[in-house]
K.L.:
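Below: one structure in structure tokens.
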Amino acid sequence: MDTGLTWSEQLEADDDVVLNASTQPSFETIFAARLGQGTALTGVTVAGAGAAVVGASLFSGKTFSRRNALKGAAASLALATTAGALGTALTARSAQAAGAEASTLTFPPLPHSYDETSHVADGYEIQTLIRWGDPVVAGAPDFDPMNQTADAQAKQFGYNNDYVGFMPLPVGSDTSDHGLLCVNHEYTNPDLMFPGGPGAEDLTAEQIDIEMAAHGHAVVEIKREGNTWSVVKDSPYNRRITTLATEFAMAGPAAGHDRLKTKADPTGTKVIGTVNNCAGGKTPWGTILFAEENFHGYFLGDITKTAEAENYERYGVGGGRYAWGNVHDRFNVEKEPNEPNRFGWMIEYDPYDPNSVPKKRSTLGRFKHEGATTTVNKDGHVVVYAGDDQRFEYVYRFVTAGTYNPDDRAANMDLLDEGVLSVAKFNENGTLDWMPLVFGDGPLTAENGFNSQADILIDTRKAADLVGATPMDRPEDVEPNPVNGIIYAMMTNNTKRKDDQVNVVNTRAKNRHGHVVEIIPPGTAPDGDGANADHTAAQYTWDIFLLAGDPAKPEDGARYGGDVGENGWLSCPDNVAFDSKGRIWISTDGGPKSGIADGVWAADVAGPGRAITRRFYACPQGAELCGPEFTPDDSTYFAAVQHPADEKDSTFDNPSTRWPDFDDALPPRPSIQVIVKTGGGAIG
């Protein structure tokens, strides 16, 4: 069936369905309450740029006032009573920031582009490290696109590389020229993978198994000689984790629960495979966390014929795009009704042990995880931050019950199996409350369908709804900055948000460009020292770092720290990384809808260069940029380029680009590129 959409757009359209029916106060009501009025304001325009100004400045005045460059604007905003006055105040703020040309970034801005290849700023070099189909484990054959097999794919680099984690060798070191590259393989594009450009419904059983083998995760040992990186062939560390065959262990309170038991696994503790592995994170003890995001799209069947209909409706399960359920019964809910409950988790494994069994950590909750990133609190508790990547979903935090032991790696290996999962509620006074999701607390009782902590973790979205969490604009990567201790949350977009659904932290209706939110633990300091941040506190403050979009278009309501120029604006922030100086590097997913290639933009997070974004790297057409990741010394940046040539009427046989090989005998191939500075040195 021709939908007029690319495969990735079809998957995104499926996920564009709003599944959260919970409500929050309208922006007008909150604004009135903030100003001490008893009723909603009348005669005040709060949509578009006006609402953006209010959300970015009034409600986060407390945190804005910490920054010297914004003191004047914050004081003006405290007296403002109309959107027009607020707009004037922020304009003054932008002019002030723009006048200070003191960004610490030294690379020249990369112009916007949209063409068949990738680009990087002048003074830097691009190398393609590994591509879909390249050999990974010993005995893997070379890539033969015309004669693919599931057995070969299970030994080769998978499709649509997403999360990238660099783990130095040896374990525990900060080596920057030798390590393990740990990479997610999120999903497959059948029309670009197979000759003839078949749709999912036309795939053979063997092609379906190839798709399943192309999902999952890969570990490859890599080394740098001079300024050139390469994969270590047949390394004993090299590994493929796949949907087709890899066994995972369920861990935590949900392990063994009746709702996870299947015919193949009557214990409810062993799961074959993983799906839709999007972003991830690293633990302080040197393990990898990787996500199961849009798991709903892999299951066929009528959910009303199962006992999990309410649960599955809240997650969008049923009627999936993939045809796997026609070949493998476990992906058909009518034949294996509990199987979807075994997906949607965060996974932990040890990349330094190629025989380690990956564990699905149920304590971190079941939802559409973009990823999970960690920090060690000053008292030793490990804190994990995560976003549920769908429109109107939530931001989460997990705090371990035990504490990290830096002198005993083995003692930390199951630290994530005990602790408290909480969900964020953003308040109109600029504070944020973490609402614990604990069985027996508040509404989380048997009267609402929860009979144990396991039920709360299986139905995490329902639990978050009941405690009153704040619906967000697709919270994707949520990552702590290791320098200043502040957490940066990427809100990719939400074109479904209506005028009466605007709230204090999601300030634009029809938010097509997305924004970046700062979540600020108590104890952080204006000088950027995050060592005293308390990541276990019940209440934080919050701020808006930037509102993406084109500043030249007033209808976008875009706001940055100053003048970003015609090439410095971005759209749809997705993933984020920080270099050793604490500067932010934002990768995007959705730029082509605004006529620009996806890529990565960098900015300072404090000082005159705060939130003044500068473009560094651009993807080839049809692609999005994932990752991003640095070596410890900032000398190498890893870029995961996903679904190149994914455009209308572009197929395996006639793609819009043959990136990165540009060989008529080869299709476009998702790949990992490494970027180094010409002549060596730190990037940025």
Side-chain angles (χ1 to χ4, degrees), residues 30 34 55-71 74-75 77-78 281 284 372-387 394-404 419-438 441 464 467-470 472 475 477-491 503-505 515-546 576 578 582 584 604-607 610-611:
I30 292 169
R34 179 60 184 254
S57 302
L58 179 59
F59 295 111
S60 51
K62 180 179 178 181
T63 52
F64 262 53
S65 65
R66 300 174 357 154
R67 299 177 176 87
N68 291 335
L70 304 178
K71 283 182 178 178
L77 293 172
T373 57
T374 65
T375 189
V376 179
N377 200 49
K378 58 184 180 180
D379 61 4
H381 291 281
V382 176
V383 180
V384 184
Y385 293 98
Y394 306 125
V395 172
Y396 293 87
R397 180 189 73 174
F398 175 79
V399 180
T400 60
T403 55
Y404 169 59
V420 176
L421 181 68
S422 302
V423 65
K425 180 180 181 181
F426 293 81
N427 302 312
E428 63 267 21
N429 65 354
T431 62
L432 176 154
D433 294 321
W434 290 109
M435 317 290 286
L437 302 179
V438 176
D441 285 4
V467 300
T470 303
M472 306 294 286
D477 212 359
V478 182
E479 188 154 342
N481 185 324
V483 175
N484 67 11
I486 294 173
I487 298 90
Y488 292 78
M490 306 297 107
M491 303 297 143
N503 60 38
V504 294
V505 70
H515 58 293
V516 178
V517 177
E518 289 176 312
I519 299 173
I520 307 167
T524 57
D527 62 5
D529 180 9
N532 289 317
D534 185 2
H535 292 272
T536 67
Q539 189 173 80
Y540 290 16
T541 55
W542 60 269
D543 205 342
I544 292 181
F545 181 69
L546 63 80
V576 64
F578 301 95
I584 192 169
D604 293 330
V605 297
R610 171 177 160 82

K.L.:
List for me each residue that meets side-chain contact (heavy atoms from CB on, under 4.5 Å) alongside Asn481, sequence neighbours excluded, and say none if there are none.
P.N.:
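Residues passing side-chain contact (heavy atoms from CB on, under 4.5 Å) with Asn481: Val483, Asn484, Tyr488, Phe578, Val605.
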K.L.:
Return the set of residues passing side-chain contact (heavy atoms from CB on, under 4.5 Å) with Ala424 (not counting sequence neighbours), or none when no residue passes.
P.N.:
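Ala424: side-chain contact (heavy atoms from CB on, under 4.5 Å) contacts with Val395, Phe426, Leu432, Trp434.
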K.L.:
Tell me, please, which residues at least two apart from Pro436 pass side-chain contact (heavy atoms from CB on, under 4.5 Å).
P.N.:
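Pro436 satisfies side-chain contact (heavy atoms from CB on, under 4.5 Å) with Val420, Ser422, Val438 only.
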K.L.:
Please name all residues satisfying side-chain contact (heavy atoms from CB on, under 4.5 Å) with Asp534, sequence neighbours left out, ordered by chain then number.
P.N.:
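side-chain contact (heavy atoms from CB on, under 4.5 Å) list for Asp534, sorted by chain: Asn377, Lys378, Pro522, Thr536, Ala537.
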K.L.:
Taking all non-hydrogen atoms of both residues into account, name the closest pair between Arg397 and Val383 and its distance.
P.N.:
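That closest heavy-atom pairing would be CG-CG1, 3.6 Å.
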K.L.:
Within the distance-only criterion (no hydrogens, no angle test), does the side chain of His515 pair as donor or acceptor with the backbone N or O of Met490 below 3.5 angstrom?
P.N.:
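No.
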K.L.:
Would you compute the distance between atom NZ of Lys425 and atom OG1 of Thr431 and round it to the nearest 0.5 angstrom?
P.N.:
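Going from the NZ atom of Lys425 to the OG1 atom of Thr431 covers 9.5 Å.
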K.L.:
Hey, is the main chain of Met435 close enough, under 3.5 Å, to the side chain of Asp433 for a donor-acceptor pair?
P.N.:
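Checked: no pair found.
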K.L.:
When Glu479 is tested against each of Thr375, Val576, Thr374, Ile584 for side chain to side chain contact (heavy atoms under 4.5 Å, CB included), which residue passes?
P.N.:
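Going through the options one by one, the only one that passes is Val576.
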K.L.:
List in chain and number order the residues that pass ring pair (Phe, Tyr, Trp, His ring centres under 6.0 Å) with Tyr404, two or more places apart in sequence or in another chain; answer none if no residue qualifies.
P.N.:
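Ring pair (Phe, Tyr, Trp, His ring centres under 6.0 Å) check on Tyr404 returns nothing, list empty.
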K.L.:
Would you say Tyr540 and Ile520 make side-chain contact, with heavy atoms under 4.5 Å?
P.N.:
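They are not in contact (no side-chain heavy atoms under 4.5 Å apart), so the answer is no.
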K.L.:
Are His535 and Ile487 side-chain neighbours, meaning at least one heavy-atom pair lies under 4.5 Å?
P.N.:
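Yes, their side chains come closer than 4.5 Å.
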K.L.:
Do you know the tightest heavy-atom contact between Ile486 and Ile519?
P.N.:
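Reported closest heavy-atom pair: CG2-O, 3.6 Å.
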K.L.:
Could you tell me which non-hydrogen atom of Thr403 sits nearest to which non-hydrogen atom of Asp379, and how far apart they are?
P.N.:
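So the two residues come closest at CG2-O, 3.7 Å.
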K.L.:
Please name the pair of heavy atoms, one in Val478 and one in Thr373, separated by the smallest distance, quoted to 0.1 Å.
P.N.:
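Closest heavy-atom pair between Val478 and Thr373: O-OG1, 2.5 Å.
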K.L.:
Of all residues at least two apart in sequence or in a different chain, which pass the side-chain hydrogen bond (donor to acceptor under 3.5 Å, both in side chains) check with Tyr396?
P.N.:
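By the side-chain hydrogen bond (donor to acceptor under 3.5 Å, both in side chains) rule, Tyr396 matches no residue at all.
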